[in-house]
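In what follows, a single structure is set out as structure tokens and then discussed.
Both backbone and side-chain heavy atoms feed into the values below; hydrogens, waters and symmetry mates do not.
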Amino acid sequence: MFINLYKNNAIMNVPIILLEFLIVIIAIIIRAFPAYKNKVGIDTWVHLLIAEEIKNNKYCTPKYIDYFIFKGPNDYPPFMHYLMAIFSKKTLQKIIWFISPLVEGINTLLMFVVALILTKDYSIALLSSLLYVFVPVIVFESDNLNTRPLGSLFFNISLFSNIYYVQNNNLSFLILAIFFGIILHLTHKMATQTFWATTLLFSIIYLNPLYLMVLISSFLGTLIISKGHYLEILRGHISIISFWNRHMSEYFTRDDYKEKISPSIKPVSKAIIRILGLTNNPWVFFTFVAFLFSEEIIVSDPLFVWTILIYSYFILTSYISIFKCFGDGYRYFEYGIMPTVILSANTIILGTVPLILLGIALFAFSILNSFRGLRNKGKRDIRFGQNSTLEKIFEIIKTSEKENIMCIPPNISFMASYFTKKKTLMALSPQAYEEAAVFMLGSPSKKNIGKLVNKYNINYIILDKTLYPKDTLDFNSIEYKKLVDENGYQLLEVTK
């Protein structure tokens, strides 16, 4: 597509532009409604806390976020936190549900713009943005406040601009590639990691040092703008990889959203559905089918190479042990959505009847899977969101002179630190993960809670009984007083 652009020129078409903005609004609403309704997200509280600390530190990056027992340097990429710090705490708490959906609305518009630049065809541009709206993996990620949508946005802009500059020698796109490459480094670690791998491989595949030049320029620019702070972020990034390289067998997670696939489907079928990426980004599968059965996609097209690379990262990090420490495999699909929706839209508009029918079927599947996934995720994550009982618990702890908190499950810890400004038994910095592994890894039901309480001088325990009934936990060797017991939550004050 980069090689053979269509010759017809796109002219300003007001009805088409209005239709695109309608698609953008739909994208925002689909994500904003569950975000507003549930107000959940484990990462939400981390970002609110860091943004608040930046504001309190006179808009300078604090060296430490001192609300966690396992202490490490502040090595979180700060770009989004600086944007958030512009707003007052009261305003920010009112709009947090809207931030990620708004970013995804911009990403939706970006699909339209990029497709229009490449094809000069409004139909393909509109369809590209429409397909993007319902890609399941990003619908699931944008219903709460996190840096992934913003990281994906900057990744898309920088990598596309880099490719377009190399193909067309357009200086404006070189500037865009470097500028957004710098911001990307300061926004999201996994997106940066993917950017590095993809740009390096593009430079090798096409034997073109210009890709590498943009990468190096972005890195050096980041060091200069951050006044060297990016080296701390990089140390944190390396620490994450190193930690999971040692502890991947103990990884206790939600298992890559397996509940998205119906339990009525047999295990072999589940494995096939997952390896094809159908529950995350079905347009990867469509792109490969289109490559085999149409002439619209050629192997040397940078968009197709981009797709192959992203799918390779998914396979490596999902199924090859030594690569699993580089992140959850399914998350890599986020960074391959742009090329797949544009190539798919192009094929559907210009392709044969069988491919058109397959595209319609996959689009319907994407819509159903997105809404089903949002429903299941909301039910699961609601215990980690704001509610009156937790607010009551946090207020008791906040007004107490006592300091240290243990949360069971640990996912509540970030919310507890944000609302109480007390220390929780958790680590924010990956450089402290090794020390924190004693509590962070594995199930709390398999740990000696009493021993941990005594070792870390815990004063309060916040317990979600719906997830971990107290009789499944080892509370031997400690005495406690029950302060709150409602809606499945308990607040226990350690007395001895």
Side-chain angles (χ1 to χ4, degrees), residues 1-27 104-135 138 152-153 156-157 159-170 172-173 176-177 281-308 310 336-364 366-367:
M1 186 175 292
F2 272 91
I3 297 170
N4 295 309
L5 299 181
Y6 300 111
K7 305 235 182 195
N8 53 304
N9 293 320
I11 59 174
M12 289 303 295
N13 188 317
V14 174
I16 293 292
I17 298 299
L18 292 176
L19 187 57
E20 171 58 22
F21 275 102
L22 177 61
I23 293 173
V24 170
I25 291 170
I26 292 171
E104 279 304 308
I106 298 171
N107 245 327
T108 302
L109 181 60
L110 178 66
M111 299 302 130
F112 175 84
V113 172
V114 171
L116 195 59
I117 290 173
L118 293 178
T119 69
K120 308 294 189 295
D121 188 307
Y122 277 116
S123 299
I124 295 172
L126 280 173
L127 185 56
S128 296
S129 64
L130 184 61
L131 298 183
Y132 180 87
V133 171
F134 296 101
V135 175
I138 49 159
S152 178
L153 175 65
N156 287 332
I157 296 175
L159 186 57
F160 167 73
S161 298
N162 194 355
I163 296 170
Y164 198 85
Y165 162 68
V166 172
Q167 295 282 323
N168 297 279
N169 197 29
N170 187 315
S172 298
F173 282 87
L176 285 174
N281 179 11
W283 302 111
V284 171
F285 170 71
F286 184 88
T287 299
F288 289 141
V289 173
F291 170 71
L292 293 174
F293 298 102
S294 82
E295 298 179 356
E296 300 302 328
I297 301 174
I298 58 175
V299 71
S300 60
D301 188 331
L303 289 185
F304 187 60
V305 173
W306 181 346
T307 302
I308 293 172
I310 294 299
I337 297 173
M338 174 181 279
T340 57
V341 297
I342 293 175
L343 289 172
S344 297
N346 179 66
T347 303
I348 292 170
I349 295 295
L350 303 175
T352 61
V353 172
L355 285 174
I356 293 172
L357 293 176
L358 176 61
I360 293 172
L362 288 177
F363 183 62
S366 293
I367 295 174

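No option in I297, I356, L358, T352 other than I297 meets the side-chain contact (heavy atoms from CB on, under 4.5 Å) test with T347.
Residues P339 and T307 share a closest heavy-atom pair of CB-OG1, 3.6 Å. In terms of heavy atoms, W283 sits closest to S366 at NE1-OG, 4.1 Å. Smallest separation of non-hydrogen atoms from S294 and L355: CB-CD1, 3.6 Å. Contact between F286 and L362 at its shortest, heavy atoms only, is CB-CD1, 3.6 Å. What you find for N162 and A177 is that their closest heavy atoms are N-CB, 3.6 Å. Nearest heavy-atom pair across T108 and S129 is O-CB, 3.4 Å.
At a threshold of 4.5 Å between non-hydrogen side-chain atoms, the residues L303 and L118 count as touching. Residues I17 and F112 have side chains in contact (heavy-atom distance under 4.5 Å, counting atoms from C-beta outward). Side-chain contact between N156 and S152 is present, with at least one heavy-atom pair separated by less than 4.5 Å.
Applying the ring pair (Phe, Tyr, Trp, His ring centres under 6.0 Å) rule to Y165 yields no partners; only residues at least two apart in sequence or on another chain are considered.
Here the CD1-CG distance, from I124 to L131, works out to 11.5 Å after rounding to the nearest 0.5 Å. To the nearest 0.5 Å, atoms CG (D121) and CG (L350) are separated by 7.0 Å. Taking CE of M111 as the reference point, atom OH of Y132 lies at 5.0 Å (rounded to 0.5 Å). We find the CE-CG distance between M338 and L343 to be 11.5 Å, quoted to the nearest 0.5 Å. Taken from CZ in F21 to CG in L18, the straight-line distance is 8.5 Å, to the nearest 0.5 Å. The CH2 atom of W306 sits 7.5 Å away from atom CD1 of I342, with the distance rounded to the nearest 0.5 Å.
Side-chain contact, N346 with T119: no donor N or O sits under 3.5 Å from an acceptor N or O.
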Could you go through I298 and F304, starting from their C-alpha distance and side-chain angles, then the distance that decides it, and tell me whether this counts as side-chain contact (heavy atoms from CB on, under 4.5 Å)? CA-CA 7 Å; I298 58 175; F304 187 60; over 6 Å; no
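Ring geometry, Y164 versus F160: the interplanar angle falls from 30° to 60°, so the pair is classed tilted.
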